[in-house]
Amino acid sequence: MVKKMFQTIRWAFNWKEWNPNEKDFAHAISCIQLEEKERLGRFMFRKDVRASLVGRLMMRKFVNEYGHIPYNNIVFTRDIHNKPVLKDLSLTLNFNISHHGDYTVLAGETRNVKLGIDVIKLEYTGGKQLSEFFRIMSRNFTSSEWNEIKNSNLDELGQISMFCRHWALKESYLKAIGKGIVTDLGEIDFKTNSLLIENSIVTDTILYINGIKQQWLFEETLLNSQHYVAVALQENESAPRSQNNLFRTINSDELLANTVPMFPQDFEYAQNYLRKEEYP
């Protein structure tokens with residue numbers, strides 16, 4: 001019996017550095033489904049359009065390349081939690097996307113496993129004093145998590161980074177199980193054990209739910225000094241521990257390779273996009 005080989009995909013795209021002109025944007029937006037195009041058209045700022053568009057194109061690229069589905073035959077729908085999923089449920093492909101800061105990221109697996117991903121920029125832009133922000137957010141973390149976040153050996157940037165790390169871990173887990181932040185985050189308790197280093201993977205963080213250790217694997221990495229990614233994977237016999245799944249940064253040529261327009265190019269839509277402000 002031939003053992004089936006599973007593939008693990010980790011992609012990152014710096015959408016902030018991608019500034020398509022009218023022609024290139026019109027092509028890119030024509031390569032996603034019409035309802036996705038309409039959804040993106042409601043964004044107020046160009047940055048949000050690009051960050052989300054990249055995610056949709058990443059999903060299509062993943063399914064096309066690893067599901068061997070013709071590009072224009074790929075159909076996505078949304079589950080009860082509004083999460084994009086393949087309409088063809090017979091395919092053993094699992095993926096999740098996230099965007100924050102300058103990056104959009106995708107985690108994909110060609111095996112039957114629950115997974116979720118969250119990327120976060122390690123910064124605080126709340127406007128309040130950090131201590132006041134932490135007080136407001138206190139109910140979302142356990143006492144042991146706050147001990148890690150507010151460790152007296154950390155400076156303010158270190159505390160912000162640890163806060164972001166714990167927040168992204170929770171997000172990745174909730175996305176993997178198909179639930180949103182409506183869940184009581186205070187029941188989800190993460191214990192980190194290693195420092196983060198660029199171009200390396202940390203896999204020894206442990207999840208406890210109501211004090212009980214859970215069989216989940218968390219891959220943590222720094223894309224750069226400012227961007228952290230957490231990938232949650234259901235840990236069981238069909239999902240053995242991953243090894244060194246570093247993210248590969250792809251460029252716009254790779255992102256758009258093999259794309260096929262789903263509908264005629266809409267230059268009026270592209271012009272409306274270019275008239276939007278980049279940031280608030």
Visitor: Do Phe163 and Phe133 pass the ring-ring contact (aromatic ring centres under 6.0 Å, His included) test, and can you show the C-alpha distance, the side-chain angles, and the key distance before you say yes or no?
Guide: CA-CA 11 Å; Phe163 174 91; Phe133 174 71; 5.2 Å; yes
Visitor: I'd like to know if the side chain of Thr104 and the backbone of Ala51 have a donor-acceptor N/O pair within less than 3.5 Å.
Guide: yes
Visitor: Excluding sequence neighbours, so at least two apart, what forms salt bridge (charged side-chain N to carboxylate O under 4.0 Å, His left out) with Lys61?
Guide: Glu65
Visitor: Looking at Glu36 and Arg39, does any basic side-chain N land under 4.0 Å from a carboxylate oxygen?
Guide: no
Visitor: Between Arg248 and Glu254, does any side-chain N to carboxylate O distance fall below 4.0 Å?
Guide: yes
Visitor: With a 4.0 Å cut-off, would you call Arg10 and Glu219 a salt bridge?
Guide: yes
Visitor: Atom CD in Gln7, atom CG in Leu93: separation rounded to 0.5 Å?
Guide: 10.0 Å
Visitor: What's the shortest heavy-atom distance between Asp102 and His227, and which atoms?
Guide: N-NE2, 3.0 Å
Visitor: Can you tell me if CG on Leu195 sees more than 12 non-hydrogen neighbours from other groups inside 6.0 Å?
Guide: no
Visitor: Between Tyr173 and Trp216, what is the shortest heavy-atom contact and its length?
Guide: CE1-CE2, 3.7 Å
Visitor: Taking the basic N atoms (NZ, or NE/NH1/NH2) and the acidic carboxylate oxygens, is any pair closer than 4.0 Å for Glu278 and Lys47?
Guide: no
Visitor: Measure across Asn72 and Met262 and return the closest heavy-atom pair with its distance rounded to 0.1 Å.
Guide: CA-SD, 3.8 Å
